[in-house]
Structure formats: structure tokens, C-alpha cells
Amino acid sequence: MDSHLTSDRVDMDDNETTTKFIVNGREYSLKIDNRYTLLDILRDHLRLTGAKKGCDLGECGACTVLLDGKVVNSCQILAARIKDKDIRTVEGLSQSETLHPLQLAFIENDGGQCGYCTPGFIMAAYPLFESEEELSTEEIKLSLAGNLCRCNAYGSIIDSVAYALEIKTNE
Amino acid sequence: MTTTKGNPRFSSVGTRPVRHDGYDKVTGKALYGADVELPGLIHGKVLRSPHAHARIISIDISEAVKVPEVQAIITNQNFPAHKDEAVSETPGPAINLKQQTANILAGDKALYKGHAIAAVAASSLHAAEEALALINVKYEVLPHTSTVEDAIQKDAPLLHEQYQNNIASHDVLELGDVEAGFAQADLIVEREFRTSTVHQGYIEPHSATGWWTPNNKISIWGSSQGHFQIRDRTSLVLGVPVSDIKVIPMEIGGGFGGKTTIYLEPIAALLSKMTGHPVKITMSRSEVLEATGPTSGSYMKVKLGATKEGKITSAYADLKFEAGAYPGSPVGAASNCIFTPYDIENIRIDGYDIVNNKPKTTAYRAPGAPIGSFAAETLIDELAEKIGMDPLDLRIINGAKQGTTRASGISNPVIGGIETFQATKDHVHYQSKKPTPKTGRGVAAGFWINGSGAACAVANVNFNGTINLTIGSMDIGGLRPAAAQHVAEVLGIPVESINPQVGDTETVGYTSMTGGSGGAFKTGWASYEAAQDVKRQMLERAAEVWEASLDDIKLENGFFIHSHDSELKMSFKELAGHLPDTGGPVVGRANLDPRGPGSAFATHVVDIEVDTETGKVTILRYTAAQDAGTAIHPSYVEGQIQGGVVQGIGWALNEEYFMDEFGGMTNSSLLDYRMPTSLDLPMIEALIVEVPNPLHPYGVRGVGEVPIVPPLAAIANAIYDAIGVRMTELPMNPAAVRKAISGG
Ligand code: FES
Ligand code: FES
């Protein structure tokens, strides 16, 4: 934790509790200001800035991560709710040199222009990739409806997800 | 659609390599404005006016400074005083520094809800927020005005003493004699139109980090469409030489014109000077909507006359555009674009720039053009209907060509306007029957001027045959790969062996901002020239290695060859390996200021369905034809076209600023400022037409902006086709459509 914000002041505040949680397979035990959201914890404390703050109100999906395998807007999860939880962010998708098929698919199909919404879309699509069901384009669209892309790369985003699902079935 | 096989005239140009920045973007490694982290970084926050129009009587910070952790508080008074006049001290348009500074932190008046009043730096964000609440501002609330029509009334409150009736400027474009033109017409159509204020809506909020070190050097990190422009404006506002400011461009999470000016940069720099720490300020979503962007709401009155054969004889437009708090609406650009798809002999356009109590407008994708086009293209449709002519045929017979004089007096260069009309007419979409009797089909055309400016590029040849390419244009839609493709084309090497990056203001020469659809044009060209420079030097090196005459050596398909000795052949990579023993590194360089980015024309056709009960319009099918000159990377051209179309759809159907009785925006969240989601859209087919621009080495035209121009009218025309009602106000949301159906 290199942030001035956390390291210098962590013990001075009474709004803080020690919380244990797992991010991308690594266990953390941190004193956290209760007013913080999961998104702030990821970005400011852990310096995992893949999840973006597009609105901080649960309206854009740029901050999407997995909380115990479920898609959540991390800006809407308060510190207290992450106790003992298993969190996965875009940084934790590929543990090795090889990218996750979803990531590869987004590169190959150019599933983004500016890329700001990309981590959110990839994480929102993750459960689709894990699921056994076959999904139609409409179902993919529906699952991603909470994520905004103002570059309007929606077409290639949907293509990217569909492509990843296809690779999976063909494997 | 252009084939995936590429362009037969080229090797790299016209192919679709993957993005060099793709890996970083899918792994979360790409760093945007708010991702900056520095040693000792502290946080800034801005206090904003709750009033749409108010005199600032006093600002008392005595309680706020007592908050532990608060390190500095500034107001407008902390900036150097500037004259209230436009100056052109830097490249780009002249700016009024007093107004520019007052938009960053308000001077004696707050001119819109959300107008910045003071800024705090503290070691935690929470402390900064706490301090904001303790700053005591005494306001004298003044009456406000939030539409152009209200603003020009005699008794309307004045925002600035010097602008009578809140009219900052009135410019006229005139060609021929409109009255005579209307006298020749068999048929005249005329309507009033209104459009609402809309925002660029980029998902990345503005963020700036400033670090002012004791030796009076300033570093600024942030995302923008032009870091040199950010540097220049910050320099003017702070009164610090440009040579003492370095702007480091971060990845940009969307700009669409909105990230071409400064809001937070001088504040962060000044707070850093006062605290000795780097200071980061990031806007919230509501700050973005209430205090940055947007583009103009408008009132327009437009009139067209035509003969019964369909020849347009005269065109008149009265355009009243909202500038927001300070002058500078895009009414001038709108005037230049509104009738330009056509060859019309008699034109008059009155363009008014009107200030009102809304955030100062900023460029938004083809600034002004969609607004004017909404009016003009609706009337063209009406003309076609009244004459009983196919709307594309009417456009074809009136279409502007090379040599046609525009309203501005400029004569058209080589353009592809009629080509896009024709491509649309021939396309299966237009040729197909409407899917159901309830479907409405509409077409509209659009024009955008395209801009250019200075650009620099540096190509460093590595000894292993790869190239580090540094460009000065911010990459907002795939510019890095497109620039690399220019280099690959010249040198005949794979695009993957080029590593393109955007340099900061100290590592690459002055480059104008990525705007006006000029990025790929100018920086593509600079990259082309840098590659030519590499080629020249590499040929010399080959001559040295072979002890041959320079005249006998050629570069073909990535190989250096000797014209008379077929034994002598070396790949680019092999020759690069010889650089250390033939004089060291090779650096290609280009610095240019190219003109003639080509004009952009587009024609769109859309099928929609109207739910007559709810008034909801559903887009069923959309095809957008556009002259791209030469598509360097067709996927990115298609991406730009689709992106522009969808923003146009949002503008047409949903987006607007709701203002309450006190003149403040009430829908400053993404839930209430409703932009299209994946569910709102069908697949948008991009139809690339290629009429090469003779003024660019590969024929490139700007492509990014014009696709947002036609959708507003295309959809309005489709609604008319479906329900027989002309929609003349935006947005055409369910309530508006229902009202139109019931005759209200
Ligand atoms: S930042 Fe969490 S939904 Fe927008
Ligand atoms: S790629 Fe820019 S917001 Fe989605």
C-alpha cells in the first residue's frame, strides 16, 4: 500500500474496522474506513485500478467485479459487506501469461474503443462464460444491459462475448 | 462493407490489425486520468454553485481551513487577473482569458448551477469534502434564463453587461439572393425547430493531477484530446510559460469533443504549488453533467424553396444556439454545414451565439452540425414528399459536387457526397420492402467540415528491426494502430513490429488536438513522413553496407535490394542489425502542418416502429453510408460510424437536460440522463464509401464526426413515414411522440 491516503492515516480514524477478504486469490486483512466502497478499496488501497469509477452510483457498470462469483457494481458495495468475501477483478482474470478467453476475444473482436468500459463488460460477461447454458445474442445483450459504453462499441462487445462462448464450446 | 482482405492498392493500409493497446485495456493495466498515483499525492475537491445565476458577495473560508488535513483553499482571486478580451497567443482559436479563468473558478458571478466557486486540497478526500461544506459563500441570487428563446427577450436577465439581449455575436453567411431564389420556387417549406441541450457523455469523468515543484516546473497528468492544448491554456490561465509545463497524457475514456478544454488542470496545479504535494482532482458524474460539456440547445427557423422538378432554388436559416455561460456555441460550424450537402445558389444563414445560465458549451462531435441538419434534412424530406419524389433522388439531383460553392464562399474540393446518396439508394436496406406496414423509413444526409493542424511524429528504429513510433496526437479511437499502419505501409514491415505510443509535451513536437476528425489525417501523415525519413536513412545505410551507389538501392516489400545485383538483398530487420556499425541509430522525424483533411459526407437510412400507445420509438434497422476517403483500418472507421450513429440516436430519442424552476439541471445522473444501452439498438451497418482525398498520401479523410449528423433527421423522417407527424423538437421521447400523435 503505497498510498499516502491509507498508510499514513490508517490508525487515526475511528470509522475504521479491520476486515478480512480475498481479492484475486490473495488474502487481505485491512483497517478500512467504513465509508469506503469496495471500488474505493480496490482502487485506492489495493491500487487495482482496472475497475473504473464512471458514476459511483451503480448506473454505468464500469466498476463491475465479482463478489463470491456474482456480478456487482463495486461502487455500491460498502466496506462492511466484503468481510470474508471472495472478490475477483479484471486483474485477476488471467493468472498466467495466457489471457482469459474473454480477454482474448475482446482483443480479437475489438470489443471497445476507448477501453474505459472494457474491464466492466468483461467482468459482467464472466458468469456467462462460466455458465453451461447456450446463450442467444439477446440473452447476452440482456446480461450486459447494466453496462454503458458511450463509444457505443456495443456491437463488437456482444460479438466479443459471443466469440468467447463459441471458443469455449468448440474446445 | 469493405472486405476484410484489405485494400488492393496497399499492403498494410486497409487491413485490420489488432490494437496495440488491446492487451492493456483488457487486463486493467491501461491507466486513465484518475488512475494516477504519485508519492505524497493529496486530493482536491471543488465547491460548486447551487444557483443558476448569482452574484458572489463573499467567500468565507475561515471555518473550512480549520478542518484537520486541509492544506489549501483557493478561489478565482488566486489566479492572475486577465483582461476581458479575446487573445490569440497560442495556436488554435482566440480565447478570452478572463472568461476562461472564470469558468474554472467563478469571478464575481456564478452563471450556472454547478459553476466552480472554490477548491480545497486535503490529505484525504473526506476531509476535502468536509471542508467544502464549511466554506461560507454569500450569494445574491439573480433571475436566470435557461433557453435561447428566453435569453433574448427584452426583460431577460443579462449574464454579461457587454452582451445586449445575451447575444454574444450574430454572423451572416450569404450566397446569391435568397429572395430572388424563393421567387423562383414553385414550392416553399418552412418550419421552426427546437433541440435540447445534450452532453457528450463519456464514461470517464474528468480528472487532473498537478504537481508544481519549487523550481516552478509544473507537471500535469490527465486525459484529454490534446495535451498540447491543455498545456497552452493552463499556461495562459496561470501566467506560466509553456516551457515550464509538461502535460503527460493518460489513456482517455471517451471525449467526443468534450475533453478539449481545461477545467481542473490549473486548479490542481495551483493547489499543488500552495501545498507542495501533487494534487489530484476527479469529478463526480453530476459534476461532469452540470459543469462540463454540453452542446447547445437551439431554436431554428428554416425555409427551403424548390421548383416542381425538385431543384432547390433558395435556402434560409435562422439559427439561435445556446452558448451556455460564456460565448462560444458551435453556431458558426452549424452555419457552415447546414446546407453543404447540396448545390444551392441562393443561401442566407443568420447565426446567433446566445449566452444563458447553463454550463459553457464545449465541442461535441461535429459541433453544431447535427442540430442544423435536423432542421434542414427534415425540410428536404418534406420537399420530396410534396413534390412526390424519392427523397434520395431529390438529394442526388441537388447534390454538391467538386467545385460547388458553399454558403461560406468556399469551393468544394474532391468530395463523395453524391456517392453516399447513391450507395444508400443501391443498398439492400433501401431497396428492401419495409418489414411491416407499421414500419417507418427515413433518410437524411450530413456534412462535416473536418479540421487539421500541426502534427509531429518520431520513429526510432531499434537494432532488431522494430520501430518505436511516438506520436503527438491523443489516441481516442484507434489512432496508434492507424499511425503504425502508415509506417508499415511505407517500410513494408509488419504493423506488429511497430510500437506506437503517444508522447508527452516534452518528448514530441507540438501537435494540435485530436479533434475535427483530423487525428488520423494529420498524425497518419506525420507518421508517413517519419517513415519516409527512416527509409531515406536506411537506404543510405544499405549503400554503406554494400559499398554500393545509393541510386542502385531500392526498398521493396520490406527488403532492400540492389537493382543490378540480385545477390544483394536484405530485410529491413537485417539492415537494422547493421546500424550499430554503420553510424548508430536511425531516427525518422516529421513535423508538419497539413491542410485539406477532406470533407466528410454521410447518408443514413433507418427503419423504426412507433408504439402509438406509449409513443416509444424502436430502431429496427440502421445503415450508415459514409465517404471515408481511404479507410486505413476499416474496423475503426466502422466503429466511429457506429459510435456516432448511436450518439445521434440517443440525442434524437432520449437525451436532454431537464432544468427546474430555479434553473438547475435536475437529471445529472446516468439513470436520469439516459444514454443508449445495448438493449436499445439493432446492429448498425456501416457502409464505407471510398472517394480518396487527393490531399493525403493515402487518401485519408476525417471520419469520426460526420456519422452523428444525419441520425436526428433520419429518425424524425422515419417517424413521419410511420405516423404522419413531423417531429420538430428534440428529443422525440415517448411523451413527445404521444403528444404529437394526439395533435398537441
Ligand atoms: S461506477 Fe459503479 S456503476 Fe458506475
Ligand atoms: S469503449 Fe469507450 S466507453 Fe466503451
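Labels below follow one simple rule: chain letters A, B, ... track the order of the sequence lines, proteins then strands, and each chain is numbered from 1.
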For Tyr116(A) and Pro205(B) the tightest heavy-atom approach is OH-CD, 3.7 Å
Carboxylate-amine/guanidinium proximity below 4.0 Å for Asp35(B) and Arg47(A)
no
Contacting moiety of Ser669(B), where chain A heavy atoms sit under 4.5 Å:
both
Please classify the contact of Tyr23(B) with chain A as side chain, backbone, both or neither, using a heavy-atom distance under 4.5 Å.
both
May I ask you to list the residues in residues 55-84 of chain A that approach chain B closer than 4.5 angstrom, counting heavy atoms only, ordered by number?
Cys55(A), Leu57(A), Glu59(A), Cys60(A), Ala62(A)
Looking only at atom types and distance, does a side-chain atom of Gln113(A) sit under 3.5 Å from a main-chain N or O of Gly477(B), one as donor and one as acceptor?
no
Honestly, the part of Ile122(A) sitting under 4.5 Å from a heavy atom of chain B is side chain
Met675(B) versus chain A, heavy atoms under 4.5 Å apart: side chain, backbone, both or neither?
both
Look at Glu204(B) together with Lys52(A) and state whether they make a salt bridge at an N to O cut-off of under 4.0 Å.
no
Are Arg150(A) and Glu655(B) within salt-bridge range, i.e. N to O under 4.0 Å?
yes
Between Ala145(A) and chain B, which part of the residue has a heavy atom less than 4.5 Å away: side chain, backbone, both or neither?
both
Do Ser678(B) and Ile158(A) touch side chain to side chain, with heavy atoms closer than 4.5 Å?
yes
Answer with side chain, backbone, both or neither: which region of Ile252(B) has an atom nearer than 4.5 Å to a non-hydrogen atom of chain A?
backbone
With a 4.5 Å limit on heavy-atom distance, are the side chains of Leu99(A) and Thr27(B) in contact?
yes
Any donor-acceptor N/O pair, Lys25(B) side chain to Gly112(A) backbone, under 3.5 Å
no
Report the distance from atom OG1 of Thr677(B) to atom CG of Asn147(A), rounding to the nearest 0.5 Å.
10.0 Å
Give a yes or no on whether the backbone of Lys53(A) and the side-chain of Arg285(B) come within a donor-acceptor separation of less than 3.5 Å.
no
Less than 4.5 Å apart, any side-chain heavy atom of Asn152(A) and any of Gln642(B)?
no
So, do Phe106(A) and Arg19(B) sit near enough that their side-chain heavy atoms are less than 4.5 Å apart?
no
Hey, what do you get for CG (Asp110(A)) to NE2 (His633(B)), rounding to the nearest 0.5 Å?
6.0 Å
Gln200(B) versus chain A, heavy atoms under 4.5 Å apart: side chain, backbone, both or neither?
backbone
Are Asp680(B) and Tyr154(A) close enough that some pair of their side-chain heavy atoms sits under 4.5 Å apart?
no
Heavy-atom proximity to chain A below 4.5 Å, by part of Ala30(B)
backbone
Side chains of Phe256(B) and Cys151(A) in contact at under 4.5 Å (non-hydrogen atoms):
yes
